[in-house]
Participant: 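Have a look at this one.
Within every chain, numbering begins at 1; the chains are lettered A, B, ... in the order of the sequence lines, protein sequences first and strands thereafter.
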Amino acid sequence: MPTLHTVNKSPFERNSLATCLERAAGGDGVLLCEDAVIGARKGSAFAKALAEKAATCAIYALAPDLAARGIKGEDVVEAVKTVDYSGFVDLAADADRVCAWL
Amino acid sequence: MPTLHTVNKSPFERNSLATCLERAAGGDGVLLCEDAVIGARKGSAFAKALAEKAATCAIYALAPDLAARGIKGEDVVEAVKTVDYSGFVDLAADADRVCAWL
Amino acid sequence: MRFAIVVNEGPYTHQASDSAWQFAKAALAKGHEIFRVFFYHDGVNNATRYTVPPQDDRNLQKLWSELAAEHELDLVVCIAAAQRRGILDADEAKRQGKDGDNIAPGFRISGLGQLIEAGIQADRLVTFGD
Amino acid sequence: MRFAIVVNEGPYTHQASDSAWQFAKAALAKGHEIFRVFFYHDGVNNATRYTVPPQDDRNLQKLWSELAAEHELDLVVCIAAAQRRGILDADEAKRQGKDGDNIAPGFRISGLGQLIEAGIQADRLVTFGD
Amino acid sequence: MSEKSRKKFLYLNRRAPYGSVYALESLEVVLIGAAFEQDVSLAFLDDGVYQLVEGQDTAGIGMKNFSKTYRALGDFEVRKLFVERESLEARGLKESDLMPIVWEDEDEDWAEKPSIAVVDKAAMAELIAASDVVLSF
Amino acid sequence: MSEKSRKKFLYLNRRAPYGSVYALESLEVVLIGAAFEQDVSLAFLDDGVYQLVEGQDTAGIGMKNFSKTYRALGDFEVRKLFVERESLEARGLKESDLMPIVWEDEDEDWAEKPSIAVVDKAAMAELIAASDVVLSF
């Protein structure tokens, strides 16, 4: 993939997910980690935006961060794939660059 | 005034101003300081929300923080009053309590 | 009027410590009392004497230490938060088996009870943070 | 593949240092190389040996020091950021006239050029922060 | 301490656990503060509602799971946990996703009573307006 | 350093100055990085556009005003400052509210040329896609 974008803050608290989704190009990947995984819960106000973006970008959420916040696999929006730290490393290695939205 | 609410982060970056404005009661004061003053600039996306809230709450912005960010007195939304640190102290003293939205 | 001030962020990275210091200075100038300044979370990082900010910038640790000396302020650093972040006085260093300490003049390390007490004793509690 | 990692936040207050450590560990486990871990902004606070986190919690400074020892990692603390925040090694302490130092084993203090060099030399640069 | 000097303390919890230390260090204040016998209320709004979500498992991130401590708050006479309904809903959470937290009523043969009250935004505003000291985390 | 090993560095500046140190410490990296003769672009978006606003006066907050340093970037061969139009507009800012920042073109008798280019969101996305290393502040 061209760019792996990482977002680590809750989209309810900060604008970093919104700003990232607006600038991620088709074919890019977006990884939600730390508090950002909160946006990937089914029924969250950001579930729709993530599902829509998933039409052109691959969206991932870090499984250990989901688990820490009590979000089970079946609670995650279907358009979002879960990865562990090893999968995060693979995504970073496969991308041409990694862009952190801090 | 019953409560002085303080907001210190840019409303473009965080949800703290929005969450504060939704919970501030009539007669309360809201002080914007640090990066939050960015919201008080004329033409900003938050100018309207501040002007509307000013109908029931007094809205203040800290003058030294405005100046640091290059925002002159005439650039500030009319509904927002400017105060210096001494005015901030007066507001805190006059309020029954101070509630920080961090 | 009697104020208590809470500082939740370290120096420089966020403006919180600057804002709190400006507020404290303005309150004292108006004749108010400051019952205590309580440093919590990363706020404990204001209390290290090891900082060497650039010569042309302000030195927040010194500003706090000097304000405390001038007005007999009670600057309290939360012990639990300090332990997580590596702020030690001589007693703590000895107790934890560390080979040195870094606390700056005018600050003292104490428990979270000092924050609650500040809330009880002060007329207004004002919080600065991230 | 050769990674560089940037850590922009101190331990505990934000998850950045934990995430970076987990990423580094996973990358090493997959056989990747880590050219350098660069600690910037409040990230320099990971490098103090004065921390004493609660016994039942992780000790991030130790986790980094141990990972560095095991894999010969280059843990670089930005000197300018360290000066603002009170992280000193013996040389810096002497140069700045401070009476002690607090740097932890496995970390070294150096300039911002090390960050640029990491960007040039590494295939991927991954940043963790607030 | 006399009733007169009892103050109403409100803890304003707005952040998710683990991404930052505020939830944990807020809880540490609550536990220490309990000894001061003040009138204590805890408010959970915005991402703070995640502090009370059931089933937190931190093994994968290597951090201490402190969520069980909330269940012990009743033993510290901390019985008033207010969770904002609108914050839950925006995050796709229901009250049943939260941990059951109870306190034992000494006057009713130690009957277990719920400590959590889900309230709306307007009630949250009133809670702030009725407090003497607000501690923000 | 050979042309082959020149990399495209992009500095992503998203925060206002003074409220946090990121703007200042980003600038410190840019200045040191200039010695490495890489291909450097600076992007200012979201609140980062405030870093370039003219007329910053920090006397009242007691902090160092570092805004003048941006004007010196041309001397460090840093000539590509991209400012996002949509970020300006949302904040009530116009291009004329920004500091004039120029570089001197040696090939055209040291003519002063503007370093700032106001670009739209799509161009910002292309800038990221064209970079080798993104440093986020």
Participant: Tell me whether the count of non-hydrogen atoms from other residues, nucleotides or ligands lying under 6.0 Å of NZ in F:K64 goes above 12.
Facilitator: yes
Participant: Measure distances from F:S87 to the heavy atoms of chain A and classify the residue's part below 4.5 Å as side chain, backbone, both or neither.
Facilitator: side chain
Participant: Would you check if A:R23 and F:L45 make a side-chain contact, meaning some heavy-atom pair closer than 4.5 Å?
Facilitator: yes
Participant: Just wondering, more than 12 heavy atoms not from A:E78 lying within 6.0 Å of its CD?
Facilitator: no
Participant: Heavy-atom cut-off 4.5 Å, strictly under: side chain, backbone, both or neither for A:A100 against chain F?
Facilitator: both
Participant: Search all heavy atoms of A:T3 against all heavy atoms of F:A129 and return the closest pair with its distance.
Facilitator: OG1-CA, 4.3 Å
Participant: Would you say A:K81 has more than 12 foreign heavy atoms packed within less than 6.0 Å of its NZ?
Facilitator: yes
Participant: Measuring heavy-atom distances to chain A, does F:D132 have an atom under 4.5 Å in its side chain, in its backbone, in both, or in neither?
Facilitator: backbone
Participant: First locate atom CH2 of A:W101, then atom CD1 of F:I128, and finally report the distance between them rounded to the nearest 0.5 Å.
Facilitator: 4.0 Å
Participant: To check you understand the geometry: which heavy-atom pair defines the closest contact between F:R14 and A:L102, and what is its length?
Facilitator: NH1-O, 2.5 Å
